[in-house]
Asker: 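The structure's right below; bear with me while I get my questions together.
The chains referred to below are lettered A, B, ... by the order of the sequence lines, with proteins before strands, and numbering in each begins at 1. Because the structure is a prediction, the values reported are computed rather than measured. Computed over heavy atoms, backbone and side chain alike; hydrogens, waters and symmetry mates excluded.
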Amino acid sequence: EAGVTQFPSHSVIEKGQTVTLRCDPISGHDNLYWYRRVMGKEIKFLLHFVKESKQDESGMPNNRFLAERTGGTYSTLKVQPAELEDSGVYFCASSHGTGVDTQYFGPGTRLTVL
Amino acid sequence: AQKVTQAQTEISVVEKEDVTLDCVYETRDTTYYLFWYKQPPSGELVFLIRRNSFDEQNEISGRYSWNFQKSTSSFNFTITASQVVDSAVYFCALSEKMVGAGNNRKLIWGLGTSLAVNP
């Protein structure tokens, strides 16, 4: 069974540009989570989908971030326009069902905003 | 507030030494879950263990063991006879209920402990 995949693995963009990160969860996993680690800080929760519905987006930093999960399969996280403080590693995780399922993580996307 | 503290930023040991990674947590939930993840140099977060708050039995898996003590709010991780392949960053995490998400929970993370096992 394939694990969680994320694309790209690394993105370098200029301040003000737009970047879209993609996450493909483990097949059959209804829950999808986005987290972010800024250098020197803890990994922080961004948002959670159940299938195509956003359940909790309390961790999204501001309205420059937009996450979607059309059709309840893969998810995208768009940053527009990117700022310097958006640099970090963005992790995606998925879990199977309800309750406290174990979250399985992808390799992350390292975003560098110059 | 929910919080996870991993006081050890970096640990360096020589192969075959035992090493313990500390994790202390704060929570107001009566039911909660604790996790350990490993992040090898390749970058992915690899799940190691999940423990719920009702189960204080220690867990052993090969050279890995976990000591959960509710009285001290700690969930420490010990690697016995460490190997070079154990070199990684290890994260401790605590579950927290999410807004409008039923029983699903997000993870609250410690800063991680970077373990270097030298030959």
Asker: Which of these, A:V19, A:L21, A:T20, sits in a side-chain contact (heavy atoms from CB on, under 4.5 Å) with A:V79?
Answerer: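 Answer after filtering A:V19, A:L21, A:T20: A:V19.
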
Asker: Which region of A:Q6, side chain (C-beta onward) or backbone (N, CA, C, O), has a non-hydrogen atom less than 4.5 Å from a non-hydrogen atom of chain B, or is it both or neither?
Answerer: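 Contact with chain B is absent: no heavy atom of A:Q6 under 4.5 Å.
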
Asker: Can you give me the closest heavy-atom contact between B:W36 and B:C23, atom names plus distance?
Answerer: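 Where B:W36 meets B:C23 most closely, the heavy atoms are CZ2-CB, 3.5 Å.
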
Asker: Looking at every non-hydrogen atom in both residues, tell me the closest pair between B:I79 and B:L115 and how far apart they are.
Answerer: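 Of all heavy-atom pairs spanning B:I79 and B:L115, the closest is CD1-CD2, 3.8 Å.
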
Asker: Select one option (side chain, backbone, both, neither) describing which atoms of A:R110 are under 4.5 Å from chain B's heavy atoms.
Answerer: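 For A:R110, there is no contact with chain B at all, as no heavy atom is under 4.5 Å.
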
Asker: Please say whether more than 12 non-hydrogen atoms of neighbouring residues, nucleotides or ligands are located less than 6.0 Å from CD in A:E85.
Answerer: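 Enclosed.
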
Asker: If I measure from the heavy atoms of chain A, does B:Q39 come under 4.5 Å with its side chain, its backbone, both, or neither?
Answerer: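 Side chain of B:Q39 only, per the 4.5 Å heavy-atom cut-off to chain A.
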
